[in-house]
Amino acid sequence: MSEKKIDTLVEVSHLKEYFNINTGMFSSKPLKAVDDVSFSIRRGETLGLVGESGCGKTTAGRTILHLYKPTAGEILFEGKPVKTKADIHEYRKKATMVFQDPYSSLNPRMTVSDIIGEPLDIHKMYSNRKEREERILELMNRVGLNSEHAARYAHEFSGGQRQRIGIARALALNPRFIVCDEPVSALDVSIQAQVINMFDELQDQMGLTYLFIAHDILVVRHISDRIAVMYLGRMVELADAKEIYEHPLHPYTRSLMSAVPQPDPKIARANKRIVLSGDIPSPLNAPSGCPFRTRCPHATPACAEAMPEFREVAPGHFAACHRVAELG
Amino acid sequence: MALLEVNDLHTSFFTPAGEVRAVNGVSFSLERGKVLGIVGESGSGKSVTAYSIMQILANTGKIVGGSIKYNGQELVNAGEKVMKTIRGNKISIIFQDPMTSLNPTYTIGHQLVEAITLHTQRNRKEAWDRAVEMLRLVNVNEPEKRMKQYPYEHSGGMRQRVMIAMALACEPDILIADEPTTALDVTIQAQILELMRDLQKELGMAIIMITHDLGVVAQMCDEVIVMYAGSICEQGTADEIFYNPKHEYTKGLMRSIPTADTAGTKLKPISGTPIDLLNLPKGCPFAPRCDNAMKICLHERCETMTINADHQAACWMNVKAAMEKEDQAASENGEGGDIR
Ligand SMILES: Nc1ncnc2c1ncn2[C@@H]1O[C@H](COP(=O)(O)OP(=O)(O)OP(=O)(O)O)[C@@H](O)[C@H]1O
Ligand SMILES: Nc1ncnc2c1ncn2[C@@H]1O[C@H](COP(=O)(O)OP(=O)(O)OP(=O)(O)O)[C@@H](O)[C@H]1O
Ligand code: SF4
Ligand SMILES: [Mg+2]
Ligand SMILES: [Mg+2]
């Protein structure tokens, strides 16, 4: 770690989340959705999390929030471990989640007011009806929803508005930390920009810290201070957003960044894409050694032998690749 | 003669709530060997345009006006018999979700062979060989083995390649790709796009690429159509659309996408919400959301105007700009109009 004191809000160390998968009538096998992941998130920052479908982003986000019980590893919030039931109950007030699909994550039979009020009810955050109402209207106001909408049902709203409802609900308990799981992926470009700006403004106003999961690299590049890249349950690279976008070190990140479709014809035509061959392996049958070696253009026999360590290869720049020094 | 000529196409859905005018006077032509991109908001009529060309609309949908000519042959009202010789043969389509378009209960091989025997003179043995050849062409490894597998045994990227193989097996003149890579990861998307570009060059076919990803358009397309509320608001070469947009919706779209340079700044979104096709406004359909809307925009729809040889747009701002220019020239004799 670098010398200067960093104000860490969330610290994740050696986190593992394994799911048991039945492979036959009497046999099962662990699916290592998140495997030995360590990193920290600074207070007030946005850490972007990217990687291929199925690489474990959502599972990592949910496990960090203790929505899944970690198979192993530790989560520290504001320097204190989150372990016991009481810890988790307190943690839930300060750490919450916004989901991808505003359509399916909201109960169609609940009014907007009830959806936003539910966390308040669960944690008994008001002393009377009036206080509850006021808080709900304040939250709706905060995310740009009209107070007249309070009595309407979620299905009456457009995608962008539903995402606002989801965000208002996440803000209900005045959290410090929000895991945003693909919060703009289902939205149309023009609406997406409205919601991205809102995340930005809320962060400034409320001093929020985000773990921002998305598959659109340009969105993540826009919103993040730092970016982490996962591959097959492992973290393979983490660095400042600009640094990782312009000078990725891990072969997977290099190919990922080179493949980003650039919305500019001249740049897109001139772009040298590193096209990978083959498909992402199943996490049930992860390759030996480096998880990326089956698709890596730089793999050597040594890469099949040992798992590369996730280490700091330049100040603040972490990568897990045996050949990172040669390739850099 | 263009390979495909669509003229003033109107397609509606007749629903209990009323007539949904999904496509409202769309005209364009496609030359052999070109890649045409169609972009636009969700619900703007991109897919319905494609389905109209293929005539695979839902039961409630109907082409209510206009013409679609393939190689000079009129397809609207040509009848199912004619369409059977076109569909899958001359014009093929790849859908967004390869899982729903492959039948889960049959092997990949069975489905490829069915498609090929249906559209060509080949017998089953020849079709089988052709299918294996196509799978190899789209970089599916061990194609003989894959032929005997079911769709669920393939990853998303693999299934999408199977779909492309199926669409290409009959060497169509036109491939319509409706969001072919939206469900895929960036690195797999890069593989598929590369593959489509290579095949397009090799086989000399034309592609209609429907997507909402402007990055994909920039990378793949020669020409671009921008749709809004069932109409084309702007069309031109990719360079014209990206570097010289002339419709306020296109401009707003370009401004609202994050790029490497927008980090640390605020994006400039298009305000408001998408349009309701059941209640199309009288004037420009984009007027209710347009920051520069003028009085005339609310009352009257702007005709498609020629910006230059490579570029057309339907936006009153261009008329205003043209008039201001005229105004300036005529200012000495106090002439000129004002549309505000
Ligand atoms: N509840 C579960 N039970 C069993 N396996 C699971 C469960 N949730 C996730 N998985 C598996 O764990 C792996 C990681 O899944 P996860 O949803 O975290 O990926 P992701 O990176 O969020 O992908 P996407 O980009 O598609 O959302 C996948 O192989 C997935 O199938
Ligand atoms: N079967 C149908 N019945 C009624 N309306 C329909 C039907 N199919 C499409 N529409 C309507 O037609 C309009 C155009 O739809 P279309 O699928 O072409 O949009 P699109 O531009 O392809 O959008 P997306 O980007 O979401 O795929 C939409 O408003 C849609 O609701
Ligand atoms: S460790 Fe080897 S296989 Fe893995 S990314 Fe580095 S070079 Fe490639
Ligand atoms: Mg996920
Ligand atoms: Mg569509």
Side-chain angles (χ1 to χ4, degrees), chain A residues 50-55 157-161 184 186-198 200-201 215-225 241-242 245-246 252 255-269 271 273-282 295, chain B residues 39-44 139 141 154-158 181 183-191 193-195 211-222 224 237-239 241-243 249 252-274 289:
Chain A
V50 300
E52 274 167 322
S53 178
C55 72
F157 293 89
S158 67
Q161 282 173 311
V184 296
L187 305 176
D188 219 79
V189 187
S190 63
I191 308 299
Q192 175 180 297
Q194 295 175 4
V195 176
I196 290 174
N197 280 354
M198 193 172 65
D200 220 11
E201 281 151 24
H215 63 260
D216 185 331
I217 308 283
L218 289 173
V219 167
V220 174
R221 165 80 183 93
H222 173 85
I223 204 164
S224 307
D225 299 298
K242 186 170 157 59
Y245 185 77
E246 287 171 7
Y252 173 64
S255 122
L256 187 67
M257 296 302 170
S258 82
V260 172
Q262 297 290 339
D264 181 319
K266 285 182 186 140
I267 296 175
R269 284 178 208 133
N271 213 359
R273 276 168 280 276
I274 308 167
V275 174
L276 297 175
S277 53
D279 284 299
I280 185 168
S282 153
R295 295 168 75 200
Chain B
V39 296
E41 202 155 52
S42 181
S44 60
N139 288 329
N141 52 4
H154 294 68
S155 67
M158 193 76 83
T181 56
L184 304 177
D185 289 305
V186 185
T187 56
I188 306 289
Q189 168 173 287
Q191 280 179 20
L193 293 180
E194 188 118 320
L195 173 76
T211 176
H212 60 258
D213 188 333
L214 292 170
V216 171
V217 175
Q219 182 181 334
M220 296 287 289
C221 300
D222 305 303
V224 184
T237 59
D239 284 16
I241 299 294
F242 277 87
Y243 302 130
Y249 170 66
L253 189 63
M254 297 288 170
R255 276 197 298 264
S256 56
I257 41 173
T259 67
D261 303 325
T262 58
T265 69
K266 283 267 180 300
L267 294 173
K268 300 184 190 68
I270 298 173
S271 53
T273 50
R289 299 175 70 189

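Lettering of chains follows the sequences in order, A, B, ..., and the numbering in each one begins at 1.
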Revision key, fill the gap. Note: vs chain A, highest number of non-hydrogen pairs under 4.5 angstrom among B/S42, B/G43, B/A190 is B/S42
Point to revise | Option in A/A241, A/A259, A/A193, A/G54 with maximal non-hydrogen atom pairs under 4.5 Å from chain B | key: A/A193
Exercise for review: Against chain B, label A/S258 side chain, backbone, both or neither, depending on which of its atoms sit under 4.5 Å from a heavy atom there.
Suggested key: neither
Review point. Is B/P258 close to A/Q192 at the side-chain level, that is, under 4.5 Å between some pair of heavy atoms?
Key: yes
Practice item. Report yes if some heavy atom in the side chain of B/T187 is under 4.5 Å from a heavy atom in the side chain of A/E52; otherwise report no. Key: yes
**Study point:** Segment of A/L256 engaging chain B (4.5 angstrom heavy-atom cut-off)
**Key:** both
Check your understanding: Is the closest side-chain heavy-atom distance between A/R295 and A/S255 below 4.5 Å?
Key -> no
Exercise for review: Examine whether an atom of B/V217 lies under 4.5 Å from a heavy atom of chain A, and if so say whether it belongs to the side chain, the backbone or both; otherwise answer neither.
Suggested key: neither
Review point. When you measure from the side chain of A/N197 to the backbone N and O of B/K266, does any donor-acceptor pair fall under 3.5 Å?
Key: no
Check your understanding: Looking at A/S53, A/S282, A/P263, which makes the most heavy-atom pairs under 4.5 Å with chain B?
Key -> A/P263
**Study point:** A/K242 versus chain B, the contacting section by heavy-atom distance below 4.5 Å
**Key:** neither
Review point. Taking the side chain as C-beta and beyond, is there a heavy-atom pair between A/N271 and B/Q219 under 4.5 Å?
Key: no
Review point. Which bit of A/D264 is near chain B, if near means a heavy-atom gap under 4.5 Å: side chain, backbone, both or neither?
Key: both
Study note, to complete from the structure: Residues passing the side-chain contact (heavy atoms from CB on, under 4.5 Å) test with A/P281, sequence neighbours excluded, are A/Y231, A/L232, A/P287, A/T294
Point to revise | Atom group of B/Q191 that falls short of 4.5 Å from chain A, counting heavy atoms | key: both
Review point. A/R221 versus chain B, heavy atoms under 4.5 Å apart: side chain, backbone, both or neither?
Key: both
Practice item. Please examine the side chains of A/L218 and A/Y245, heavy atoms only from C-beta on, and report whether any two atoms are closer than 4.5 Å. Key: yes
Exercise for review: Measure distances from A/E246 to the heavy atoms of chain B and classify the residue's part below 4.5 Å as side chain, backbone, both or neither.
Suggested key: neither
Check your understanding: Relative to chain A, which of B/T259, B/L214, B/D239, B/T273 shows the most heavy atom pairs under 4.5 Å?
Key -> B/D239
Point to revise | side-chain contact (heavy atoms from CB on, under 4.5 Å) involving A/V189 - partner list, sequence neighbours excluded | key: B/L253, B/S256, B/I257
**Study point:** Contacting moiety of B/R255, where chain A heavy atoms sit under 4.5 Å
**Key:** neither
Practice item. Using modelled atom types only, decide if a donor and an acceptor are shared between the side chain of A/Q194 and the backbone of B/I270 within a distance under 3.5 Å. Key: yes
Review point. Under a 4.5 Å heavy-atom cut-off, does chain B meet the side chain of A/I191, its backbone, both or neither?
Key: side chain
